[in-house]
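To keep things clear, I will list the structure first and then write my remarks on it.
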Amino acid sequence: MVDRSKETLEEKKARVQKIIERLRQVYPEAKCALNFSDPLELLVATILSAQCTDERVNQVTVELFQKYRSAEDYARVELAELEEDIRPTGFFRNKARSLKALGQMLVTEHGGKVPDTMEALVKLPGVGRKTANVVLGNAYCKNEGIVVDTHVKRLASRLGLSDNSNPDKIEQDLMRLVPQEQWTLFGHLLIWHGRYVCQARKPKCGDCVIQDLCPSAE
DNA sequence: CTCCCGATAT
DNA sequence: ATATCAGGAG
């Protein structure tokens, strides 16, 4: 199907455009699956989404966002109480510790608001480039990077778009292949496709619309 | 690299 | 039984 050994950079960029066009047709609704109504809610939901399905996060945040309406609310709450409020999302001790420290830092360093730059976001506790990219792309409509989560990591590898295993290096590889204005869209499309077709355990290559563009297709 | 967390799918 | 789920810190 795809002989990647003798594919030039330009050919690979063209293949990426075909991938984007096809996935756009299949997933016109692809967007952030986490429910939120402001940057703080999205930041919190994204931290909770680590090693947890979006569906479960959305269940927890219904009540969480009614109780915690500002950075101050996270900064003030007793750690044990916050742990119980987010327990079903897993890693609840680490996440609760991050959220409380995050709330405190937002209050002391950013006037209680979520910053809108990569530099400031990744300095926040529990926030790496993946989480920062989700907030920048979906709450602030900025294409400062590409979200590399478990789905994007897996699909970038299977599609032969990166040979690296480090998420930051994968992101750099992808940013060279995708025009900046498509960075956020690209992440959503790969995540949708990874969730429904190109699954981790048993990819449904028979149902895949980019099978002929994939060096790993069976 | 390991650890953190537990529900669900295979 | 084991792998996986919109990761990040030590």
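Order of the sequence lines fixes the chain letters, A, B, ..., with proteins taken first and strands second; residue numbering starts at 1 for each chain.
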Practice item. Considering only heavy atoms of chain A and a distance under 4.0 Å, specify the first and last nucleotide of DNA chain B in 5' to 3' order that meet this criterion. Key: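 Extent of the interface on DNA chain B: B/dC4 to B/dT10.
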Whole-Å gap separating [atom2] ([N]) and [atom1] ([X]):
| X | N | atom1 | atom2 | answer |
| --- | --- | --- | --- | --- |
| A/Asp168 | C/dA9 | CG | C1' | 14 Å |
| A/Leu102 | C/dA9 | CG | P | 11 Å |
| A/Lys100 | C/dG8 | NZ | C1' | 20 Å |
| A/Asn58 | C/dC5 | CG | C1' | 14 Å |
| A/Leu185 | C/dA6 | CG | P | 19 Å |
| A/Leu43 | C/dA6 | CG | P | 18 Å |
| A/Asp149 | C/dT4 | CG | P | 14 Å |
| A/Glu171 | C/dA6 | CD | P | 19 Å |

Point to revise | Test item: side-chain donor near acceptor, A/Asn35 and A/Glu41, under 3.5 Å | key: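 Note: A/Asn35 and A/Glu41 side chains miss the donor-acceptor criterion.
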Check your understanding: Is there a donor in the side chain of A/Tyr196 and an acceptor in the side chain of A/Asp207, or the other way round, less than 3.5 Å apart?
Key ->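 Distance-only check fails for A/Tyr196 and A/Asp207.
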Please list, by residue number, the residues of [range] whose heavy atoms come closer than 4.0 Å to an atom of DNA chain B; answer none if no residue qualifies.
| range | answer |
| --- | --- |
| residues 121-140 of chain A | none |
| residues 65-97 of chain A | A/Arg87, A/Gly90, A/Phe91, A/Phe92, A/Arg93, A/Asn94 |
| residues 44-57 of chain A | A/Gln51, A/Arg56 |

Check your understanding: Stepwise, does the side chain to side chain contact (heavy atoms under 4.5 Å, CB included) test hold for A/Phe186 with A/Leu177?
Key -> CA-CA 11 Å; A/Phe186 184 70; A/Leu177 296 172; over 6 Å; no
Practice item. Decide side chain to side chain contact (heavy atoms under 4.5 Å, CB included) for A/Tyr140 and A/Leu121; before the verdict, give the C-alpha distance in whole Å, the side-chain angles of both, and the deciding distance to 0.1 Å. Key: CA-CA 12 Å; A/Tyr140 292 123; A/Leu121 282 167; 5.5 Å; no
For [Y], is there any backbone N or O sitting under 3.5 Å from a side-chain donor or acceptor partner on [X]?
| X | Y | value |
| --- | --- | --- |
| A/Arg22 | A/Val209 | yes |
| A/Trp183 | A/Val178 | yes |
| A/Arg93 | A/Glu83 | no |
| A/Asn58 | A/Leu34 | no |

**Study point:** Set of side chain to side chain contact (heavy atoms under 4.5 Å, CB included) partners for A/Thr53, sequence neighbours left out
**Key:**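 Checked A/Thr53 against side chain to side chain contact (heavy atoms under 4.5 Å, CB included); matches are A/Glu55, A/Arg56.
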Practice item. For the pair A/Glu72 and A/Ser70, evaluate side-chain hydrogen bond (donor to acceptor under 3.5 Å, both in side chains) and give the outcome as yes or no after the intermediate values. Key: CA-CA 5 Å; A/Glu72 286 86 350; A/Ser70 68; 3.1 Å; yes
Point to revise | C/dC5 phosphate, OP1 or OP2, under 4.0 Å from A/Arg154 side-chain N/O | key: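 Yes, A/Arg154 has a side-chain N/O under 4.0 Å of OP1/OP2 on C/dC5.
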Review point. Which whole number of Å gives the distance between the P atom of B/dA9 and that of C/dA6?
Key: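 My reading of the P atoms in B/dA9 and C/dA6 gives 13 Å.
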Check your understanding: For atom P, what is the distance between B/dC5 and C/dG10, given to the nearest Å?
Key ->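 Here B/dC5 and C/dG10 have their P atoms 14 Å from each other.
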Point to revise | Verdict with reasoning, A/Leu48 to A/Lys95, per side chain to side chain contact (heavy atoms under 4.5 Å, CB included) | key: CA-CA 7 Å; A/Leu48 294 180; A/Lys95 290 175 181 176; 4.1 Å; yes
Check your understanding: A/Gln17 and A/Pro179: which non-hydrogen atoms are nearest, and at how many Å?
Key ->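 Looks like NE2-CD, 3.4 Å.
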Could you list the donor-acceptor pairs under 3.5 angstrom formed by side chains in residues 98-108 of chain A, with sequence neighbours left out?
| residue | atom | partner | partner atom | Å |
| --- | --- | --- | --- | --- |
| A/Ser98 | OG | A/Asn94 | O | 3.1 |
| A/Lys100 | NZ | A/Ala75 | O | 2.7 |
| A/Lys100 | NZ | A/Val77 | O | 2.9 |
| A/Thr108 | OG1 | A/Gln104 | O | 3.1 |
| A/Thr108 | OG1 | A/Met105 | O | 3.4 |

Check your understanding: In this structure, are over 12 heavy atoms from other groups packed under 6.0 Å from A/Glu81 atom CD?
Key ->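 It does: A/Glu81 CD has more than 12 such atoms within range.
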